[in-house]
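The next block holds one structure in the form of structure tokens; read it before the comments.
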Amino acid sequence: CNLHLQPPHLFLNSEIPESIEKLLDIITYIGVGISMISLLICLIIEGNVWKALTKNSTAFMRHVAIVNTALSLLIADICFIIGAAIAKNPKENPDEDYKVPVGPCSAATFFMHFFYLAMFFWMFVSSLLLLYRTVMVFSQMFKWAMFAIGLTMGYVCPLIIAVTTVAAMAHGNGYVREDQACWLNWTKTMALLALVIPALTIVVFNTFVITVVLYKMLRRRSTGNTAHILTCYISQENLEV
């Protein structure tokens with residue numbers, strides 16, 4: 001489930017030597033293919049074990065997050081392939097107008113942007129669930145309330161960011177790149193920040209959650225060991241008496 005190989009070379013601005021360009025293309029499509037196959041296997045496995053593993057609200061929400069993370073990345077990979085097919089590379093098409101077709105490329109970029117954001121936001125939902133269950137051990141929340149919060153965080157928030165980006169950057173053809181790849185513009189409007197900033201923020205938050213969870217686990221283990229030692233000491237004192 002974790003073989004999410006993201007091939008970035010079609011998104012880069014740097015010049016790629018012709019001698020290795022075809023090799024990079026092959027690696028790119030093989031990497032995306034492996035990612036898509038792995039995600040499909042993940043979804044099939046989740047479908048087969050769903051009823052057995054989702055008997056309580058926490059397990060239900062955890063597997064909802066896993067399924068939606070995998071599904072979002074799978075759709076984003078499909079959009080990546082479509083966007084790569086739409087874009088024209090000047091080195092591959094020297095006699096043609098290599099500027100990307102704005103309409104189709106904008107559509108592919110919008111869905112890539114949305115589903116990549118959705119993937120990160122579902123990871124954010126997973127982290128929130130882990131933090132909630134670690135800090136508030138005895139608190140209970142209804143399954144469908146958690147599900148509604150997850151859907152809002154996982155899809156509504158990315159949709160707002162993606163739509164706002166289109167609305168803010170569409171004027172003057174500043175939404176997508178003009179050559180080589182269907183992707184968010186960087187040099188003209190820095191539209192790429194609409195993906196980078198939320199993604200990095202979620203990564204930082206997830207790192208914080210991992211730190212808190214590890215601290216709580218080590219603290220509980222240390223408390224448990226201290227209580228065990230104290231119990232043994234008291235028992236020994238009683239025997240001596």
Side-chain angles (χ1 to χ4, degrees), residues 1-47 66-123 154-155 158 161-162 165-166 169 173 175-188 190-196 198-200 202-203:
C1 296
N2 293 323
L3 290 175
H4 300 157
L5 308 178
Q6 291 308 311
H9 98 272
L10 291 179
F11 294 156
L12 301 179
N13 289 318
S14 58
E15 294 293 330
I16 300 174
E18 295 184 7
S19 58
I20 64 171
E21 186 172 0
K22 290 185 178 180
L23 178 61
L24 289 177
D25 287 339
I26 294 173
I27 294 174
T28 293
Y29 290 110
I30 290 176
V32 175
I34 293 173
S35 175
M36 293 171 66
I37 292 171
S38 301
L39 292 166
L40 284 172
I41 293 172
C42 175
L43 292 172
I44 291 171
I45 292 173
E46 283 290 331
I66 291 172
V67 167
N68 282 278
T69 300
L71 184 62
S72 297
L73 186 53
L74 177 62
I75 298 174
D77 282 344
I78 294 172
C79 294
F80 175 89
I81 296 293
I82 295 173
I86 292 173
K88 295 180 179 180
N89 191 309
K91 293 181 179 181
E92 296 176 354
N93 306 274
D95 299 327
E96 298 181 16
D97 181 10
Y98 60 83
K99 289 187 177 180
V100 299
V102 176
C105 207
S106 296
T109 300
F110 172 81
F111 285 108
M112 274 192 288
H113 184 202
F114 170 67
F115 283 108
Y116 280 130
L117 279 176
M119 175 193 69
F120 279 104
F121 271 89
W122 276 108
M123 292 180 182
Y155 288 120
I161 295 173
T165 305
V166 172
M169 305 296 179
N173 294 330
Y175 179 57
V176 297
R177 293 177 52 171
E178 296 180 351
D179 59 357
Q180 292 188 344
C182 291
W183 192 228
L184 296 169
N185 197 304
W186 170 255
T187 57
K188 196 173 181 180
M190 294 188 178
L192 186 59
L193 290 176
L195 175 67
V196 173
L200 289 180
I202 291 171
V203 168

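Here, residue 1 is the first one in the sequence, and each next residue gets the next number.
Taking all atoms of both residues into account, the shortest heavy-atom contact from Leu74 to Leu40 is CD2-CD2, 3.8 Å. When all heavy atoms of Leu195 and Pro198 are compared, the pair lying nearest together is O-CD, 3.4 Å. The shortest heavy-atom contact between Gly83 and Cys182 is O-SG, 3.4 Å. Counting all heavy atoms, side chain and backbone alike, Phe80 lies closest to Met112 at CA-SD, 3.5 Å. When all heavy atoms of Ala162 and Leu117 are compared, the pair lying nearest together is N-CD1, 4.5 Å. Between Ile81 and Tyr29, the shortest heavy-atom distance links the atoms CD1-CD2, 3.6 Å.
The side-chain contact (heavy atoms from CB on, under 4.5 Å) test applied to Ala199 returns Phe120, not counting sequence neighbours. Applying the side-chain contact (heavy atoms from CB on, under 4.5 Å) criterion to Phe111, with sequence neighbours excluded, gives Cys79, Phe115. Every residue two or more places apart in sequence or in another chain that forms a side chain to side chain donor-acceptor pair (under 3.5 Å) with Asn68 is listed here: Tyr155.
Counting only distance, with no hydrogens or angles, the side chain of Ser35 and the backbone of Gly31 share no donor-acceptor pair below 3.5 Å.
With rounding to the nearest 0.5 Å, the separation of OG1 in Thr69 from CG in Leu39 is 10.0 Å. Expressed to the nearest 0.5 Å, how far CH2 of Trp122 lies from CD1 of Ile66 amounts to 11.5 Å. Atoms CD1 and OG, on Ile86 and Ser106 in that order, are 9.5 Å from each other to the nearest 0.5 Å. Summarising the geometry, atom NZ belonging to Lys188 is positioned 13.5 Å from atom CZ belonging to Arg177; distances are rounded to the nearest 0.5 Å. Rounding to the nearest 0.5 angstrom, the gap separating the NE2 atom in His113 from the OG1 atom in Thr165 is 4.5 Å. One distance of note links CD1 of Ile202 with CE of Met119; it measures 9.0 Å at 0.5 Å rounding.
The residue from Ile26, Thr28, Val32 that alone fulfils the side chain to side chain contact (heavy atoms under 4.5 Å, CB included) condition with Ile30 is Ile26.
Contact of the Phe121 side chain with the Tyr116 side chain is not registered, since no non-hydrogen atoms from C-beta on lie closer than 4.5 Å. Within the 4.5 Å cutoff, no side-chain heavy atoms of Leu192 are placed close to those of Asn185.
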Could you check Leu184 against Val176 for side-chain contact (heavy atoms from CB on, under 4.5 Å), going step by step and ending with a plain yes or no?
CA-CA 5 Å; Leu184 296 169; Val176 297; 5.8 Å; no

